[in-house]
Amino acid sequence: MSALSKQELEAELKKYVGVETGPPQLAPEPVNESMIRHWCEAMGDESPVYTDAEAAARSVHRGIVAPPTMMQAWVLRGIEMADPARMARNKQTELHALLSECGYTSVVATNCEQGYTRYLRPGDRVSTTTTIESISEEKATALGIGYFINTRDVFRDQRGEEVGWMTFRVLKFRPHQQPAQAAPAAGGAAPTPRRMRPIIGHDNGWWWEAVARGELLIQKCEACGTLRHPPRAMCGDCQSIEWTSIRPKGTGTVFSHTVLHHPKFPGYEYPLVCAVIELDEGTRLVSNLVGCAPADVRIGMPVELVFENVDDEMKLPFFRPRR
Ligand SMILES: [Zn+2]
């Protein structure tokens with residue numbers, strides 16, 4: 001859309017360096033014990049100085065304090081951050097919009113550091129200002145070419161004194177073009193799309209090799225006998241890395257299921273029944289259910305293994321109602 005040359009764009013970008021993105025953002029709530037308690041529960045932080053008034057009073061803090069890492073939570077804005085139309089005009093959104101117009105449409109956060117000057121206490125009211133500290137030259141990265149944008153937030157209390165800071169770096173980039181799945185045939189007919197391929201590595205290669213032979217194997221711990229799936233290096237029960245495999249009978253029941261209608265990925269037929277199958281031997285695996293109308297699938301339904309060729313190269317273990 002934009003007719004800016006790279007030089008013109010970079011001249012525009014320079015104008016944003018050192019600029020404050022907008023007026024200070026004031027925390028909607030003062031620091032309070034309810035939010036502190038929720039945060040500590042979510043993070044599993046059991047330090048009594050955050051939630052136990054008596055213990056906190058006996059501590060060096062002489063009362064409840066907020067976890068320092070919660071600093072940004074006090075001022076963090078909601079979903080409007082993702083919607084420039086709903087967000088007050090702000091130099092940061094403006095900068096991102098400019099880069100989007102020039103084709104750098106994607107963004108990924110790459111780095112964040114925080115520093116804390118003092119503990120926040122209930123009743124403190126935090127505000128923050130954001131400065132665009134620097135914008136890199138155009139860089140080539142694994143994700144695509146783009147610009148790193150560094151911002152610095154300063155957090156202040158109700159007296160205007162600094163309580164902490166945060167630096168944040170994002171890469172605003174032009175994503176690589178998605179490679180076509182396969183080149184069109186010479187006649188111009190598009191090739192039939194195929195299912196996504198599994199990612200095969202050291203720990204699961206043996207399992208996929210068996211599948212290619214039309215064999216379903218289930219990993220079994222040599223030390224404690226526990227079955228596990230998907231394949232992985234270590235037993236979750238006893239941490240042994242010695243394992244063998246069994247060949248299950250191929251019978252089981254539907255433990256849980258869902259029917260996919262949308263979005264439709266090329267190479268799959270919809271509606272697609274995805275089910276968690278509980279094998280009679282005792283472990284579970286995710287598969288597709290075939291030979292059964294989606295409306296007829298029931299939890300607890302007896303099913304049996306059937307291998308199907310999904311294209312000219314790949315077969316997969318599916319399940320169908322037991323005959
Ligand atoms: Zn084990």
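One-based numbering, in listed order, for ligands and for the atoms of each.
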T131 versus E20, closest heavy-atom pair with distance | OG1-CG, 3.6 Å

Would you call R156-E161 a salt bridge at under 4.0 Å N-O?
-> no

Is there side-chain contact between I218 and S245, with at least one heavy-atom pair below 4.5 Å?
-> no

Do you reckon F255 sits in the same ILVMFWY cluster as F318, going by side-chain contacts under 4.5 Å, direct or chained?
-> no

Taking all non-hydrogen atoms of both residues into account, name the closest pair between R118 and D157 and its distance.
-> NH2-OD2, 2.9 Å

Quick one: closest heavy-atom pair of G252 and R322, and the distance?
-> O-NH2, 2.8 Å

If you count every protein N, O or S atom closer than 2.8 Å to the Zn ion (ligand 1), you should arrive at 4

